[in-house]
**Student:** 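Would you mind keeping the following structure in view while I ask a few things?
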Amino acid sequence: MVCSAASVLLLAMTLPLVGPPVARASQPVKSALLSVYVQLVFSHGGWPAALSRPLPLPPASASSSLGTLAGLSLTTECNVKPDGLTYCACLSGYQWNASICSRHQLCQPPHNHRPCGCLVLSPPEAGYCQVLPPVPGNLSLNSWLQVPGHTLNLTLHTSQETTSLNWFLRRHTGSPGPIPLQPGTQVSLTLSQGQAVLSIRNVSHEWEGEYMCCFEAQGFRWELYQLVRVPLRVTDVARLPDQLSISCATSLGLQLSCCIPYTPLGYMASWSPGEGSEASVLNTPGDQCLVLDTQHCPAADITYTCDLQSPGLTPLRVPVSVTIIQDGDTTCPEDSAVVAWNVTKAGHVAQAPCPVNRTGVVKRTCGPDGAWGPIHSSCTDTRLLALLRGAQLLWAGQGCPAEEVPRSLAQLLEQTEVVSSPSDLLALLGTMTFLAKVVADTGIPLRRSALEALLKTTDKVLDMDTSSLWTPTQAQKPSAASDLLLAVETLAHSLCPQDHPFSFSLPNVQLQTQLLTPTVPAVYRVSFSTQPPLWAQIPRRSLAPLDTSNSNVTITSLVLRKLDHLLPSNYGQELGDSLYATPGLVLSISIMAGGQAFNQGEVTMDFGDRDNPFRCVFWDHHLFQGNGGWSGEGCQVQAANASATTQCICRHLTAFSILMSRHTVPSNPTLELLSQVGLGASILALLVCLGVYRLVWRVVVRNKVAYLRHAALLNVVLCLLAADTCFLGAPLLPPGPQSPLCLAAAFLCHFLYLATFFWMLAQALMLAHQLLFVFHQLSKRRVLSLMVVLGYLCPMGLAGAALGLYLPRGQYLGEGACWLDGKGGARYTFVGPVLVIVGLNGLVLAMAMLKLLRPSLSEGPQAEKRQALLGVMKALLVLTPIFGLTWGLGLATLLEEVSMVPHYIFTILNTCQGVFILLFGCLMDKKVQEALLKRFGCAQPPNSTISLATNESHLPEPSRGRSDNASYEEKMT
């Protein structure tokens, strides 16, 4: 009876081929290997001791005509396990045939590290191991001891045809089993007749271990081995701290440590000088550290050296400088912020270790004035660092991407909960980036579970705190958000064809995929439940070049919320230098046909109802030295026909969004109504002002100063009236640089508004000239000519220069309006001169007040002229602050994201300028009031008082006519 754990022995016998006795004497003896299935069952499971000795042969039969048994060899040892399976192991010199090996499971752990040395058989299967022929090749190595940074070359020379060639690395740390080696950034494989070469560039200690070359030849599997060692470099040694400053008054000693990764080269570490110090070994999960503790404070500056020696290798010497703080040195005091900081000399960097389960160092600089600087921490969670290093090695060529990428994505999702610092976020984003590069280079497909893990990780990353995580992360790596976008795009369109269609939705991530077949509608359309709703479609003509019958054609549409706010504010040349706002959505569409990206399609997108003009853009990862930026190339805005929304059309596929001016006033019915009512009131007031001047002109211009003052004000009224009328009618014109009427309206508005302010400047300069050059007066004709040049030719030059400079760049007109573009510099050619004029007017007013309110005895102007100048000053004193406040608010709304209150104030003041001119420039003039009262028969009794608001003194009527006539004849010449 056979017990449950029985032993079975299979034998092979070698028999000499013998012929008839006569032939045997004249012919050489031939032998052949015969396969004889002999099953020996031992019920008690143990091998008899007799089987350990050479098996005796039975005596040869003289009557045998077939042959004689010449030898008997054991080949296979089988054990029946309780599960009913038979584990059959080959004895020395024998191995399972490759064809049998490929159909059965290998024993675990592998038997004697030999290929096909042990198989798991199921009853009633039977078989035996075959004798191995000589090894059909050899594995050579350029050197077992590699120089760090050089190239490792392993060469397989074979004398037989080989198949199923694979390379593995068995490292002493980090991985329990052999690591497959694949072509990568450091690994390359070349094959030629009778030769295969494995090359590894820039080797380091992470590439040392036992290399294994596996192949099939002559019906068997073969494994050849080579051992490789790589010495450490100085950069592999971690010092904490790498430099130190201490005060002997507060520190009785110091502690230094140098750590190296585990290596089989057996480094011995020591510190020098070591007198009066104690060195101890500290082993951590990944490193070996030698810690030096000194019991005294050095008397002077000293350099300690960590010496690392291994037999036959050049020693490594890593210095640590220690500076002793002397009396009188500037120092930073002790502090307990985050960690305990000791007294540190000015100009030095204090260092502290990271908490448990974190790797890196905490640094803080002591400034030259003895003030502590900010704390910089590179401490990173060890699990995140392990994932990052694993992804880097996978990209370099260590590991099987089809297995490692899904495993790493699942682990990455688990580790999002431990992200608590910018270093953690950088490690997580770096891992995603390297995994995406691996997928892009190898073309491996991802299953649905792996993609779900990626999207969940992305959703959590986009929800991470901006101020404490994203902002400092972007300060260290500006392309962090751009790299995230590229990684998610790459991994998202790598879904296995059999897993399509696939739809997935999270608060910050929405994904929809579709496999195109001949039965799929010719027009691809996708919509997302965002706020506002977002949809996109690809027309038939873009999908026509794709052969959906012979290859897998997939379309992946991905929407990411919040990412556009994390991307750097970089804009392509065609977008100018202005700041923009994005809607909070980034849409990415990609088409994969037969494993290749198809980027030439046209896509139409609708980002919802947008009240403000916007630009259609895509994210170009190549702009700004690889940091990425928004570009409008190949994209345009198109008004929708069937809806009130505006759509984007782009002639390529990538990540899209829209850009809105960050400082555009949101569409507001109340604001628009205020603007229209204000402009209407301004135009009406200016017309009233012209009517008043028509009635009283000859009365109010009796002297040169009054004439010049009212002439300037009249030109201000005419320019502002024309400008307001043009501005009010501009929305009725078709917008865009292709419209000549819109272009002309924008130019006229620019010129006329500038002329308004330049005439105010002319009025102020006239006032200054009259006060400063009392005895060097110019004639009225010359002053008026200079005022016309300043009031019309200067603004004409500025407006023309702006048109010639910005129109060729496409930055002259704002989108959807016949006015200057606020995103570029065109609008500043208006706002800048206006604010300069307001500032100059303010200076003139300050000087005028000092001159008129405190005149000198020798050069004070005549009383009548003085009153006229006071009238000019009063008008400017009221209008200049109003206009200055108006355009100061206008500039604020352009430069900053302010609330709606400044927009309302700016609209009211800006559109009511005509009302202000009527009130403070015209009707509050005493001469105008008297002329109007006299005109309409409401004359007041004579008054001899002097008012600051009048242009002339009030004299009794009989003497007034004579004075007026004399003044007119004298002053008007």
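Heads up: numbering here begins at 1 and tracks the sequence.
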**Student:** Does the distance from Cys258 SG to Cys289 SG come in under 2.5 Å?
**Tutor:**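 No, Cys258 does not link to Cys289 through a disulfide.
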**Student:** Roughly how far, to the nearest 0.5 Å, is CG of Leu256 from CG of Asp293?
**Tutor:**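 The CG atom of Asp293 sits 8.5 Å away from the CG atom of Leu256.
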**Student:** Grab the two heavy atoms, one from Thr330 and one from Pro368, that are nearest each other, plus how far apart they are.
**Tutor:**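 Where Thr330 meets Pro368 most closely, the heavy atoms are CG2-O, 3.8 Å.
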**Student:** Applying the side-chain contact (heavy atoms from CB on, under 4.5 Å) criterion to Pro148, which one of Val234, Leu232, Val203, Val230 satisfies it?
**Tutor:**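 Answer after filtering Val234, Leu232, Val203, Val230: Val230.
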**Student:** Is a side-chain N or O of Thr344 found less than 3.5 angstrom from the main chain of Asn342, in a donor-acceptor match?
**Tutor:**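 Yes, Thr344 side chain to Asn342 backbone: donor-acceptor pair under 3.5 Å.
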**Student:** Taking atom CG of Leu252 as the centre, report whether more than 12 heavy atoms of other residues, nucleotides or ligands fall under 6.0 Å from it.
**Tutor:**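 No, because the 6.0 Å sphere around CG of Leu252 holds 12 heavy atoms or fewer from other groups.
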**Student:** Check the orientation of Trp271 and Tyr304. Use parallel for under 30°, tilted for 30 to 60°, and perpendicular for over 60°.
**Tutor:**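 Ring orientation, 0 to 90° scale: perpendicular.
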**Student:** Report yes if some heavy atom in the side chain of Glu208 is under 4.5 Å from a heavy atom in the side chain of Pro264; otherwise report no.
**Tutor:**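 Result yes, sub-4.5 Å side-chain heavy-atom pair found.
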**Student:** Grab the two heavy atoms, one from Gly367 and one from Ala346, that are nearest each other, plus how far apart they are.
**Tutor:**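 In this case the closest contact between Gly367 and Ala346 is O-CB, 3.3 Å.
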**Student:** Before you tell me yes or no, could you show the steps for Leu462 and Leu566 under side chain to side chain contact (heavy atoms under 4.5 Å, CB included), namely the whole-Å CA-CA distance, both residues' side-chain angles and the distance that decides it to 0.1 Å?
**Tutor:** CA-CA 9 Å; Leu462 293 175; Leu566 303 175; 4.0 Å; yes
**Student:** State plainly whether the residues Arg561 and Asp459 are in salt-bridge range, i.e. N to O under 4.0 Å.
**Tutor:**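 Between Asp459 and Arg561 there is no salt bridge, as every charged N stays at least 4.0 Å from the carboxylate O atoms.
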**Student:** Check whether any side-chain heavy atom of Gln351 sits under 4.5 Å from a side-chain heavy atom of Leu240, and report yes or no.
**Tutor:**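 Yes. Closest side-chain heavy atoms under 4.5 Å.
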**Student:** Report yes or no: do Ser421 and Arg358 form a side-chain donor-acceptor pair below 3.5 Å?
**Tutor:**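 Short answer, yes.
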**Student:** Could you go through the side chain to side chain contact (heavy atoms under 4.5 Å, CB included) check for Thr305 and Val318 one step at a time?
**Tutor:** CA-CA 5 Å; Thr305 303; Val318 183; 6.0 Å; no
**Student:** Is Arg171 salt-bridged to Glu206, going by a charged N under 4.0 Å from an acidic O?
**Tutor:**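 Here Arg171 does not pair with Glu206 in a salt bridge, since their nearest N and O are not under 4.0 Å apart.
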**Student:** Atom CG in Leu409, atom CG in Leu446: separation rounded to 0.5 Å?
**Tutor:**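 Between Leu409 CG and Leu446 CG, I get 6.5 Å after rounding to 0.5 Å.
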**Student:** Okay, side chain of Gln182, backbone of Pro401: is any donor-acceptor separation there less than 3.5 Å?
**Tutor:**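 Not at all, since once roles are kept as given, no pair shorter than 3.5 Å links the two residues.
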**Student:** Hey, does Asp620 have a side-chain heavy atom less than 4.5 Å from the side chain of Leu623?
**Tutor:**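 Of all side-chain heavy-atom pairs linking Asp620 with Leu623, at least one is under 4.5 Å.
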**Student:** Check for a donor-acceptor pair, side chain of Ser377 on one end and backbone N or O of Cys379 on the other, with a separation under 3.5 Å.
**Tutor:**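 Yes, the answer is positive, given that a donor and an acceptor are paired below the 3.5 Å cut-off.
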**Student:** How about Gln255: does its CD atom have over 12 heavy atoms from other parts shown lying under 6.0 Å from it?
**Tutor:**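 Yes, CD of Gln255 has more than 12 neighbouring heavy atoms, counting only those of other groups under 6.0 Å.
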**Student:** Is there a donor-acceptor contact under 3.5 Å linking the side chains of Ser467 and Asp465?
**Tutor:**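 Short answer, yes.
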**Student:** Would you compute the distance between atom OG of Ser494 and atom CG of Leu435 and round it to the nearest 0.5 angstrom?
**Tutor:**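 Nearest 0.5 Å value for the OG-CG distance: 11.5 Å.
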**Student:** Ignoring hydrogens and geometry beyond distance, is a side-chain donor-acceptor pair present between Ser321 and Asp301 at under 3.5 Å?
**Tutor:**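 No, no side-chain donor-acceptor pair sits under 3.5 Å.
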**Student:** Are Asn570 and Asn627 linked by a side-chain donor-acceptor pair shorter than 3.5 Å?
**Tutor:**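 No donor-acceptor contact under 3.5 Å links the two side chains.
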**Student:** Less than 4.5 Å apart, side chain to side chain, heavy atoms only: is that true for Val461 and Leu428?
**Tutor:**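 Val461 vs Leu428: side chains touch.
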**Student:** Applying side chain to side chain contact (heavy atoms under 4.5 Å, CB included), name anything that partners Asp327, two or more places apart in sequence or on another chain.
**Tutor:**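 Side chain to side chain contact (heavy atoms under 4.5 Å, CB included) check on Asp327 returns nothing, list empty.
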**Student:** Quick one: does any side-chain atom of Asp381 pair with a main-chain N or O of Val418 as donor and acceptor, under 3.5 Å?
**Tutor:**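 Absent.
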**Student:** How long is the straight-line distance from CD of Gln309 back to CE of Met268, given to the nearest 0.5 Å?
**Tutor:**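 Met268 atom CE to Gln309 atom CD measures 9.5 Å (nearest 0.5 Å).
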**Student:** Looking at Trp341, is its backbone amide N or carbonyl O close enough to the side chain of Arg364 to form a donor-acceptor pair, meaning the two atoms are under 3.5 Å apart?
**Tutor:**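 Not a single qualifying donor-acceptor pair exists.
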**Student:** Is the side chain of Asp242 donor-acceptor paired with the backbone N or O of Arg239 at a distance under 3.5 Å, no angle test?
**Tutor:**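 Not confirmed, Asp242 side chain does not pair with Arg239 backbone.
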**Student:** For Ala492 and Leu558, which heavy atoms make the closest approach, and how far apart are they?
**Tutor:**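 So the two residues come closest at CB-CD2, 4.5 Å.
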**Student:** Strictly by modelled atom types, are Glu489 and Ser588 linked by a side-chain donor-acceptor pair under 3.5 Å?
**Tutor:**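 Checked: Glu489/Ser588 side chains pair up, N/O donor to acceptor below 3.5 Å.
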**Student:** Are any non-hydrogen side-chain atoms of Arg233 and His205 less than 4.5 angstrom apart?
**Tutor:**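 No. Closest side-chain heavy atoms not under 4.5 Å.
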**Student:** Give the minimum heavy-atom separation between Met432 and Thr457, together with the two atoms involved.
**Tutor:**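 Answer, listing the atom of Met432 first, then Thr457: SD-CG2, 4.3 Å.
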**Student:** Any donor-acceptor pair under 3.5 Å linking the side chain of Thr294 with the backbone of Gly253?
**Tutor:**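 No: the side chain of Thr294 does not pair with the backbone of Gly253.
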**Student:** Hey, are the side chains of Ser310 and Leu316 touching, using non-hydrogen atoms and a 4.5 Å cut-off?
**Tutor:**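 In short, these two side chains do not touch, never coming nearer than 4.5 Å.
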**Student:** Let me see the working for Ile246 and Leu244 under side chain to side chain contact (heavy atoms under 4.5 Å, CB included), right down to the final yes or no.
**Tutor:** CA-CA 7 Å; Ile246 63 171; Leu244 177 66; 3.6 Å; yes
**Student:** Consider only side-chain N and O atoms of Thr250 and Glu334, and report whether a donor and an acceptor are under 3.5 Å apart.
**Tutor:**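 Absent: no donor and acceptor within the cut-off.
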**Student:** Does Pro231 reach the side chain of Leu145, with side-chain heavy atoms less than 4.5 Å apart?
**Tutor:**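 In contact.
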**Student:** For Val405, does its backbone N or O pair with a side-chain atom of Ser408 as donor and acceptor, under 3.5 Å?
**Tutor:**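 Not confirmed, Ser408 side chain does not pair with Val405 backbone.
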**Student:** Show, in sequence, the C-alpha distance, side-chain angles and deciding distance for Cys332 and Cys366, and conclude whether the disulfide bond (SG atoms under 2.5 Å apart) test is met.
**Tutor:** CA-CA 6 Å; Cys332 292; Cys366 178; 2.1 Å; yes
**Student:** Side chain of Trp470, backbone of Ala480: donor and acceptor closer than 3.5 Å?
**Tutor:**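 No; judged by distance alone, with no hydrogens or angles, the pair does not exist.
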**Student:** In a check of side-chain contact (heavy atoms from CB on, under 4.5 Å) between Leu388 and each of Thr433, Leu412, Thr380, Thr431, which one passes?
**Tutor:**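 Result: among Thr433, Leu412, Thr380, Thr431, Thr431 is the only option passing the side-chain contact (heavy atoms from CB on, under 4.5 Å) with Leu388.
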**Student:** For Thr490 and Ala440, which heavy atoms make the closest approach, and how far apart are they?
**Tutor:**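 Heavy atoms of Thr490 and Ala440 come nearest at CG2-CB, 3.9 Å.
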**Student:** Does anything in residues 475-486 pair up under side-chain hydrogen bond (donor to acceptor under 3.5 Å, both in side chains), and if so which pairs, sequence neighbours excluded?
**Tutor:**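 Applying side-chain hydrogen bond (donor to acceptor under 3.5 Å, both in side chains) to every pair that reaches into residues 475-486, excluding sequence neighbours, yields Lys477-Asp483, Ser479-Asp483, Ser482-Trp619, Ser482-His621.
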**Student:** Rounded to the nearest 0.5 Å, how far does CZ of Arg170 lie from CD1 of Ile179?
**Tutor:**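 With rounding to 0.5 Å, CD1 (Ile179) is 10.0 Å from CZ (Arg170).
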**Student:** Charged N to carboxylate O below 4.0 Å: is that the case for Glu414 and Arg383?
**Tutor:**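 So Glu414 does not pair with Arg383 through a salt bridge.
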**Student:** Could you measure the distance from the CG atom of Leu560 to the CG atom of Leu587? Nearest 0.5 Å is fine.
**Tutor:**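 With rounding to 0.5 Å, CG (Leu560) is 9.0 Å from CG (Leu587).
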**Student:** Is the shortest heavy-atom distance from the side chain of Gln186 to the side chain of Trp207 under 4.5 Å?
**Tutor:**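 Side-chain contact under 4.5 Å: yes.
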**Student:** The test is side chain to side chain contact (heavy atoms under 4.5 Å, CB included); show your working for Asp463 and Lys562 and say whether it passes.
**Tutor:** CA-CA 8 Å; Asp463 256 343; Lys562 301 182 180 179; 2.5 Å; yes
**Student:** How close do Glu633 and Phe618 get, heavy atom to heavy atom, and via which atoms?
**Tutor:**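 Minimum heavy-atom contact is O-CE2, 3.2 Å.
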